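Data block below; observations after.
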Amino acid sequence: MVVPRTGVAAAGLLAAAGLMAATMSLMPTGAFAADSIVVGSKAFTEGYVLGEIAAQTIESVSAVPVTRKLGMGSTGIAFEALKSGAIDVYSDYTGTLTEAILKRPDLKSMDAIKEALLAMDLVMSGPLGFDDTYALAVKESFAEQHHLHSISDLAGAESSIRAAFSYEFMDRKDGYQGMAESYHLHFAPQKVNRMEHSLTYQAIDDGAVDLIDLYSTDAKIEKSHLRVLQDDRGYFPVYQAVWLARKSFTERHPREWQALLSLQGSISAAAMIDMNAQADIQHLSFAKIAAQHLGSEAPRSQSLKSNILQRTREHLWLVGIALLFSILVGIPLGLIAVRFHAAGQAILIFSALIQTLPSLALLCFLIPIFGVGMKPALAALCMYSLLPVVLNTFTGIRTVDPKHVENARAFGLTGRQILLRIVLPLASPTVLAGIKTATIVSIGTATLAALVGAGGYGALIVSGLSLNDVPTILTGAIPAALMALIAYGVFELLGLLLIPAGLRKQS
Amino acid sequence: MLKLQNIDKSFEGKPVLSDVNLTVPTGATHALIGSSGSGKTTLLRITLGLIPFDKGYVKINDQALLSLSPVQWADRIGYVPQDGGLFPHISGIDNVSLIAKLRGWETWRITERVEELRKLVDLDAAVLRRFPFEMSGGQQQRVAIMRAAMMDPQVMLLDEPMAALDPLIRRSLQQELKSIFQRLGKTVLLVTHDLGEAVYLADKITLLHEGRIVQSGAYRELLKHPAEPFVTLFINAQRTLPDAADVA
């Protein structure tokens, strides 16, 4: 093997960048396609089913291609996506709109809500036919034991009750806080767990908790033998399912919007529970469930293999770009940090601060700027992958023995020659380790990109999570882990190629 | 000829060197000796053009340091850092030829010069292809001398050349170093804290103490006619082992 001897670090890192840039050619086509109708959904079973129903309904009357961006991380993300034009339509609930989005609990009538939304250039349909409100539930056996029928019955027993509530329920005004106040319930804070909604069923099934929040159309209520406690004070708002669309979409595609409106009043609570059950319990595909409901033929579903392949391409693309960015920006920033003390501290603190932002929060901040899809996901990944590269470049260079720099100066090497011939090669093991960390962290973090509709392995994981379907989760998680392992191996090989041999054998 | 004239240097108001004068005639080997803190390292760095100084001149063959570019100056002084100071990430031969390559020398010329120097320091060609960590201390030292001599400088400057070596190896390398100096025929300034080494290798010794030159001359002169009591003190302090008669 020819061992590169001079300028190794610079040349080598560029080579690594080039390698990752090659993944660009794998960029999923149509990721930024212009003329298509984009249907979004939130990341829970009912959201996926309604999203698929909307997509197929539009497809049945339209020649315009429909792009599905299903499984967005939260109400906030889906709504921001709609406002920014990244999606054209998705399904939401009147209660969510008044409480969480408009923050106008005083809006009681459908017309009042419609009017408030129209001011934001958004159009809301009439009710689709079912009400999916929050509810609290316990195991039938637990209910029998403690004589529980309504939420009021919890009074007195609540301090010893172990609860698992979803994040949204915990944080919403019309959720946990307001409910506890309204019913004068005093839960023991250390016994109230926040977790992903679909996992709360797992928790109560396993007997890990006694009380969970749920949606009244959840399919698993019956399967898990739960008793839904009556909202005897009428605390929870009404959650009528509706379509929410951009006004410009309804004007540009009136036929498609009419088709969606024709579904008003057509989905009963029983039908919705049944569809949720088909997804959660029978593990039918959302496309099939939607097609059955619409009485049409299911669109040809993607094979598992081609699905994983597509997700792999998306994932590689996300990680590749983030890596390229972290190398091209991170290394110079690291160099600046070494050279200028004040700027250096600022750079290091800033890139460290980014790391402290929870990824979902960062994605939320980025949506107003970048919309949804690849762009905010890439922006977030680039920001996250910056710190390891900047920090390791900084540390790698700072820990180069200053005597080598002084000797090089005594030999008459210029600043540039010292950097390229002496300092960077000596720092290259540390710099490369930083790039390796950034890559592996990116591969993990990129799974969250699915929450803003960027696809990748996260799409499989998120939909699997919402169905609490372990095999689906694994079809995303295993390839992601494999990709991380392969990346690790690739970097070991790159190390052999890029780190000067005189340093390699030493350690 | 290397000439240091009236050198003054202070750090943050504290004088480190005051009125230092030192001349090493062409072809001579001169040792600059002093304990740590004497200012010898500062003088070395000034001579290499690495740090500015307040007053005086550093000259090689009557050309002043400040009248030349750093590259021109570097090519006039062949520097052998402490313990050789080889760059750890490149092989011996790359260490030796690095500067010539950067100056745009043609390959044949580099090969020829390396071969010439390799014979001069009597080093095996296979050793030259190794990385520094694969070489013995003595081998590293010889590669470092080759690197310093590569551009055919007028003056060689060696900083504590044997400091890290085993005493036995040190003795044998000292003999070799002496003959290498003779074969090179260069003006040599050796910076050391070891009087034995200075006496063995150098024609003349300059003793530096607290930033000024206490005495300059042959060892015999320092011994017989010390300029100050400190000279005798310094010489006696280095004779650490008692005589056989005293032990018995």
Side-chain angles (χ1 to χ4, degrees), chain A residues 1-13 15 331 392-393 395-433 494-507, chain B residues 41 44-51 65 68-104 129-135 140 143-144 147-151 153 155-160 164:
Chain A
M1 187 183 71
V2 180
V3 179
R5 291 171 197 276
T6 47
V8 257
L13 297 178
I331 291 178
N392 277 40
T393 305
T395 314
I397 290 176
R398 283 289 291 267
T399 48
V400 166
D401 190 335
K403 86 176 182 208
H404 293 310
V405 176
E406 174 151 307
N407 291 344
R409 280 182 59 213
F411 299 144
L413 269 68
T414 62
R416 193 187 151 82
Q417 287 167 341
I418 292 173
L419 181 69
L420 293 179
R421 305 260 173 176
I422 311 295
V423 173
L424 278 180
L426 287 175
S428 63
T430 315
V431 176
L432 198 65
L494 275 179
L496 289 182
L497 217 66
L498 300 182
I499 296 173
L503 299 179
R504 250 187 290 135
K505 290 174 194 158
Q506 217 163 16
S507 46
Chain B
T41 304
L44 173 96
R45 298 177 78 208
I46 285 175
T47 311
L48 286 167
L50 293 174
I51 52 171
L65 160 64
L68 297 171
S69 75
V71 170
Q72 287 172 322
W73 189 256
D75 288 352
R76 280 170 173 70
I77 293 194
Y79 175 44
V80 181
Q82 205 165 4
D83 309 326
L86 296 179
F87 296 121
H89 60 295
I90 51 180
S91 66
I93 195 159
D94 285 338
N95 264 285
V96 175
S97 48
L98 173 68
I99 302 151
K101 266 186 206 158
L102 293 176
R103 303 283 189 275
R129 285 193 294 271
R130 292 185 193 153
F131 289 102
F133 77 98
E134 298 166 315
M135 299 176 192
Q140 290 190 30
V143 174
R147 176 174 65 177
M150 185 72 187
M151 305 307 288
V155 174
M156 295 278 281
L157 193 54
L158 288 84
D159 184 13
E160 304 277 5

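Letters A, B, ... are given to chains in the order of the sequence lines, protein chains preceding strands, and every chain is numbered from 1. This structure is a prediction, so every number in the text was calculated from the model and none was measured.
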Out of curiosity, [X] [atom1] to [Y] [atom2], how far, rounded to the nearest 0.5 Å?
X: A/His404; Y: B/His89; atom1: NE2; atom2: NE2; result: 8.5 Å
X: B/Leu48; Y: A/Asn407; atom1: CG; atom2: CG; result: 9.0 Å
X: B/Asp159; Y: A/Lys403; atom1: CG; atom2: NZ; result: 11.0 Å
X: B/Leu98; Y: A/Arg421; atom1: CG; atom2: CZ; result: 6.5 Å

Assess whether atom CZ of A/Arg398 is packed by more than 12 heavy atoms of other residues, nucleotides or ligands within 6.0 Å. no
What is the minimum heavy-atom distance between B/Tyr79 and A/Ala410, and which atoms define it?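 Closest pair (atom of B/Tyr79, atom of A/Ala410, distance): CD2-CB, 3.5 Å.
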Is B/Ile99 in contact with chain A via its backbone, its side chain, both, or neither, using a 4.5 Å heavy-atom distance? side chain
Report which part of B/Ile77 has an atom under 4.5 Å of a heavy atom belonging to chain A: side chain, backbone, both, or neither.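 When you check distances to chain A, no heavy atom of B/Ile77 falls under 4.5 Å.
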Under the side chain to side chain donor-acceptor pair (under 3.5 Å) rule, collect the residues that match up with B/Arg45, sequence neighbours excluded. A/Glu406
With sequence neighbours left out, what residues match B/Arg76 under side chain to side chain donor-acceptor pair (under 3.5 Å)? B/Gln63
When heavy-atom pairs shorter than 4.5 Å are enumerated against chain A, which of B/Met151, B/Arg147, B/Gln72, B/Gln82 gives the highest number? B/Arg147
For chain A, which of B/Leu157, B/Leu50, B/Val71, B/Leu86 has the most heavy-atom pairs under 4.5 Å? B/Leu50
Given side chains that start at C-beta, do those of A/Leu426 and B/Pro88 come closer than 4.5 Å, heavy atoms only? yes
Aromatic ring pairing A/Phe411/B/Phe87, orientation class (parallel under 30°, perpendicular over 60°, tilted between):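 Perpendicular, since the angle between the ring planes exceeds 60°.
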